[in-house]
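Here's the structure, in structure tokens; my notes come after.
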Amino acid sequence: MQNVYLEYNFRVEPLQPASDILMAELGEVGFDSFVETESGVLAYVKKEDWLENILESVQILSQPNFKISFDFIEIEQENWNAVWESNFESIQVGSQCVVRAPFHEKPNVEFDIVIEPKMSFGTGHHETTYMMMKHILETDFKGKSVLDMGCGTGVLAILTGMKGATPIDAIDIDNWCYLNSLENVQRNNQGHINVNEGDVSLLTSQKYDVILANINKNILLSDIPHYTKCLKPNGTLFLSGFYKEDIIDISAKCGQLSLNFCKNFEKNNWVAVKYVF
Ligand SMILES: C[S@@+](CC[C@H](N)C(=O)[O-])C[C@H]1O[C@@H](n2cnc3c(N)ncnc32)[C@H](O)[C@@H]1O
């Protein structure tokens with residue numbers, strides 16, 4: 001089946017922080033993939049998810065301190081690899097981890113993650129993925145059970161697998177991400193990772209040592225109680241996908257559920273927070 005997408009070419013001034021804010025707001029209204037360009041952002045939405053008023057609640061478009069113009073074209077899924085390949089540079093996280101595409105040269109690092117992202121989020125380029133990976137690199141995963149909610153490309157689950165986690169469940173609500181994670185776990189010899197398509201309704205009575213969720217503020221606020229029910233005593237919850245100013249709401253929700261704040265990373269106003277149950 002071919003997916004038809006609308007490719008919006010946004011030209012933004014000043015480039016930062018407007019590009020980041022724009023991507024976050026477009027993500028909230030249903031755009032599911034982004035490529036940063038020299039003049040702004042290419043943003044993609046499935047034609048079937050497109051609504052006539054889709055940009056109405058994207059507040060940055062009407063803010064006078066940013067100059068944003070755009071046009072859009074309709075494209076088919078086959079064009080995607082070319083778009084990604086021309087934009088995708090490898091990413092180094094810490095001294096021992098690189099996320100790269102198959103066409104990049106193999107680096108000499110302990111954790112060499114090969115991702116063919118296609119339409120899915122999760123290459124390490126985005127601050128939230130990068131900081132979640134930093135948390136994972138600092139954590140002992142040997143023999144730990146892991147749940148990766150909103151797995152995107154599967155990159156976080158793959159890194160925990162490389163660090164010795166087992167068993168690992170990875171879940172994404174989006175069919176494209178589900179299929180992409182399946183491919184990427186195989187590509188990185190992590191075929192033992194159980195990838196599933198869905199949301200918190202798939203969670204059972206199984207308990208995990210570590211739960212990772214890099215999604216967005218609203219989904220986290222509604223789903224944190226479900227994650228907490230699946231955490232073992234002393235289990236760890238890593239959360240990202242929200243801004244520094246939203247940490248108050250997230251921490252209040254976690255506090256109500258006896259999750260104790262441990263540590264957070266911050267990058268360009270995004271945060272990735274660690275809580276222990
Ligand atoms: C910001 S991306 C994170 C991808 C990857 N984990 C990373 O860190 O780069 C969020 C992902 O969550 C998925 N998602 C959104 N809502 C969800 C939900 N309610 N349950 C599970 N996955 C969800 C999206 O499809 C998307 O792939």
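Starting from 1, each residue takes its place in the sequence as its number. Atoms within a ligand are numbered from 1 in the order they appear, just like the ligands themselves. These figures come from a predicted structure and were not determined experimentally.
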Report task. Could you tell me whether Asn214 and ligand 1 have an N or O pair separated by under 3.5 Å? Result -> yes
Query - Contact (N/O only, under 3.5 Å) between Asp172 and ligand 1 - result: yes
Query raised in the report: From Asn184 CG over to Ile158 CD1, what is the distance, rounded to the nearest 0.5 angstrom?
Result: 5.0 Å
Requested in this report: Working to the nearest 0.5 Å, report the span between CZ of Phe261 and SG of Cys254.
Outcome: 10.5 Å
contact_flag [X] ligand 1 heavy-atom lt 4.0 Å:
X      : result
Cys151 : yes
Gly198 : yes
Leu156 : yes

Query - Shortest reach to atom 23 (C) of ligand 1 by a heavy atom, considering only Ile173, Ile171, Thr129 - result: Ile173
**Report entry** Ring geometry between Trp50 and Phe72 (parallel below 30°, tilted from 30 to 60°, perpendicular above 60°)
**Finding:** tilted
**Report entry** Lys/Arg N to Asp/Glu carboxylate O, Glu138 vs Lys263, below 4.0 Å
**Finding:** yes
Query - Salt-bridge criterion met for Asp223 and Lys253 (N-O under 4.0 Å) - result: no
Heavy-atom contacts with [X] under 4.0 Å: which atoms of ligand 1 show up? List them by number with element.
X      : value
Asp174 : 25 (O)
Cys177 : 27 (O)
Gly152 : 4 (C), 27 (O)

Report task. Say whether Ser69 and Arg11, considering side chains only, have a donor N or O and an acceptor N or O under 3.5 Å apart. Result -> yes
**Report entry** Among Lys232, Lys142, Lys144, salt bridge (charged side-chain N to carboxylate O under 4.0 Å, His left out) partner for Asp209
**Finding:** Lys232
